Amino acid sequence: MPIDGALLEIEDLNAWYGESHVLHGISFEVREGETLSLIGRNGAGKTTTLRAILGIVRNRQGAIRFRGEDLTAVPLHGIARRGIGYVPEERGIFASLTVAENLVLPPVVKDGGMGEEEIYRLFPNLAERRASQGTKLSGGEQQMLAIARILRTGANVILLDEPTEGLAPVIVERIGEVLKLLKARGMTIVLVEQNFHFARKLADRYVVVEHGRAIDCFGASELDAKMAGLAEQLGV
Amino acid sequence: MFCIPYVKCLPLIALYGQLLLGLINGSFYALLSLGLAVIFGMLRVINFAHGALYMLGAFVSWWLSIAFGIPYWGALVLAPLAVGVVAVVIEKTMLHQMYRLDPLYGLLLTFGITQVIEGTFRYFYGASGQPYPPPAALSGPLNLGFMILPIYRGWVVLVSILACLGTWLLIERTRIGAYLRAATENPVLVQTFGINVPLMMTLTYAFGAALAGFAGVLAAPIYQVSPLMGTNLIIIVFAVVVAGGMGSILGAIVTGYILGLLEGLTKVFYPEASNIVIFVVMAIVLLLRPAGLFGRAA
């Protein structure tokens, strides 16, 4: 049964990489317009959760519902068509395409996406280098491009995997500003992030993942009360 | 007279004749190796059936003419489409199961498919060829002043250059081409963007096969339409693809024409080596630049 107000529901989700059982019945829901952060130690199953939602990890059991529709029956290319965008941990910028080609690669799936020029105004670095090969960009610019190309598609849910990993503080700050802007535009964001100090500036709610399960779920207002426990669980 | 000191002197007309022959052979090498490169780039399948699909294109043209009276111009469109449909059946029923395996399995499967197709045609039509005349509008010679050019052969060179250029533009300058290039790098991520990559793979195989079928139609009036016409060509085409760089579109086209011309020149100056010159070049390229002339090192 759909949970009231839930846009995306994950229920008792199990997933395997070959013989390795990675998700052990994780359950949580994402509400429309919120920023939900999946936090947990390395190897807890956060990235696998995103990959299982999208269907990149096909060996999975449990329920994934988006607006009440069962996503487990939807082919991999059908997920984006429902307005779910994905920014992978490795960024996935294509070496054989220019920056401009990378930007317009994902098809527009819904109305309301940003125009190319609007995106270039938001990311002036990309505008300057639109004719460059995608992988010639710096790590931070590649991350911006990976986010930018989803903004064009009109997706209203974005699954972001470790957007600040390996980036300089000034770039992390810039990415934070962009995500705040997306929040303000009403985008629903699921953020997997090791950098807890980055996530806490953005998240409305948190799901703590450990050994492939959601062991806690709480709102931003409860964060202070939870900090001592989190420090022990996450080492922050 | 054209002379290479201490080697040979030849009348210029003989040189032009061999250069034209080289250019025509190069046109077929380029068209076929282009199809192989497109297929390998996207599917990572070494399509040994390419020669059989080329032969099929020639046979479909011949059938269309014999059975339905459809002329060359109709065959130029219908035969590649028919070969594309055959390719869709091959991909959907068998080939798609090879994608997760080592490319060797795809090579073995397509080798088997080649044996079945060619064996079937040999059974029904024997090894001898069927005549297929060029269309009236392209028959006869054209005097260029410095040489006599058979019009049909000039047409083959022209249309193959246009087909290669069109394919290159499609892949390098269009949205569909960008999908193809991206899916070659990371098919899973491209699918998360909402692009139906399995369908794209089917269509890519069909397109590569249709190029082979198109080459088959072009070849029908020049060579005999024979079940073995693909076998005779495919090994040379593989050498061209390897020398150009596996999966490189530009490499396949440029190397196809260059090696065709080189083969023609070798026929003039040292005919004994003309059958092996392409393989010698391939071996040298592999020694000096294992990824091929235009290939990217892994």
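Residue numbering restarts at 1 for every chain, and letters A, B, ... go by the order of the sequence lines. These numbers come from the heavy atoms of this one structure, side chains and all, not from hydrogens, waters or symmetry mates. Note that the structure is predicted; figures quoted are calculated from it, not measured.
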Picking from A/L54, A/L105, A/I150, A/I79, which has the most non-hydrogen pairs under 4.5 angstrom with chain B?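 Most heavy-atom pairs within the cutoff with chain B belong to A/L105.
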
Please round to the nearest 0.5 Å and tell me the distance separating atom CG of B/L189 and atom OH of A/Y86.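 It comes to 7.5 Å.
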
Can you tell me how far the CG atom of B/L180 sits from the OG atom of A/S96, to the nearest 0.5 Å?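 Atom-to-atom, B/L180:CG and A/S96:OG are 10.0 Å apart.
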
Of the backbone (N, CA, C, O) and the side chain (C-beta and beyond), which part of [X] lies under 4.5 Å from a heavy atom of chain B, both, or neither?
X      : result
A/L76  : both
A/R82  : neither
A/P88  : side chain
A/T153 : neither
A/A155 : neither
A/I93  : backbone

Has [X] got more than 12 heavy atoms of other residues, nucleotides or ligands less than 6.0 Å from its [atom1]?
X      : atom1 : answer
B/I176 : CD1   : no
B/Y99  : OH    : yes
A/Q61  : CD    : no

Given heavy-atom pairs under 4.5 angstrom as the criterion, report whether the side chain, backbone, both or neither of B/I195 touches chain A.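 B/I195 touches chain A through backbone and side-chain heavy atoms alike.
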
Under 4.5 Å between any side-chain heavy atoms of [X] and [Y], yes or no?
X      : Y      : answer
B/V197 : A/H77  : no
A/V104 : B/R175 : yes
B/F193 : A/V109 : no

Test item: A/E101 side-chain N/O and B/A178 main-chain N/O as donor-acceptor pair under 3.5 Å: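 No: the side chain of A/E101 does not pair with the backbone of B/A178.
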
